[in-house]
Structures are given as structure tokens and as C-alpha cells.
Amino acid sequence: AVSFRRYRALLGEDHFQLLSAIEFKDEAALQRFLTSDYRKQISDKIDARWGAVLERERAAWEQIWP
């Protein structure tokens, strides 16, 4: 991962109020992460702590500018 950031909503009524963003060098690095044991370990830890109240939405974006 190139960077990992967490955000919380300041404005708006969006259902999702927290955002975690991970930036990868390229799509191949993203695909390796998605199938890695490390990603599963992270998800398991999050589920153990927040699973009862957590609702996830996964999306992938590609930077187009600059």
C-alpha cells in the first residue's frame, strides 16, 4: 500500500459516516492485497471488535487526474 487514511464525515446525511482509504501502487497490488492473508486478518480483527454494528461497502477507484 502506498498510503492508508481514515476519514469521518463532517457534512451530509450519508449512511456511512467513516471511510478508510487505502492507496495502492497499481491494480495488481490491489488484487494481491484483496486475496492476501493479511487482508483477512485485518477484516477478522475489525469484525471481532465492530461486527455487530458495522456495515461495510467496498469500492475501488482509479485516479484519473492529475
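Dense packing is recorded around CZ of Phe4, with more than 12 heavy atoms of other residues, nucleotides or ligands lying under 6.0 Å away. Counting heavy atoms of neighbouring residues, nucleotides and ligands inside a 6.0 Å radius, atom CZ of Arg6 does not exceed 12 of them.
With sequence neighbours left out, the side chain to side chain contact (heavy atoms under 4.5 Å, CB included) criterion links Val2 to Glu23, Lys25. In this view, Ala28 and Asp26, Arg32 satisfy the side chain to side chain contact (heavy atoms under 4.5 Å, CB included) rule, not counting sequence neighbours.
With values rounded to the nearest 0.5 angstrom, Ile46 atom CD1 is found 6.5 Å from Ser20 atom OG. From Ile42, atom CD1 reaches atom CD1 of Ile22 across 6.5 Å, with rounding to the nearest 0.5 Å. Once rounded to the nearest 0.5 Å, the distance linking CZ of Arg56 with OG of Ser43 reads 4.5 Å.
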Check your understanding: Under the side chain to side chain contact (heavy atoms under 4.5 Å, CB included) criterion, do Arg58 and Leu34 qualify, and how do the steps go?
Key -> CA-CA 11 Å; Arg58 181 177 289 165; Leu34 290 175; 4.2 Å; yes
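The hydrophobic clustering, which links ILVMFWY residues whose side-chain heavy atoms are closer than 4.5 Å, places Phe16 and Trp61 apart.
With salt bridges taken as basic N to acidic carboxylate O contacts below 4.0 Å, none links Arg49 and Asp44.
Of the possible polar contacts, none joining the Arg8 side chain to the Leu18 backbone as a donor-acceptor pair under 3.5 Å is found.
For Glu57 and His15, the side-chain atoms include no donor-acceptor pair closer than 3.5 Å.
Nearest heavy atom pair, residue Arg5 against residue Ser3, reads NE-OG, 3.9 Å.
Ring pair Phe24/Phe33 is tilted by interplanar angle, where 30° to 60° counts as tilted.
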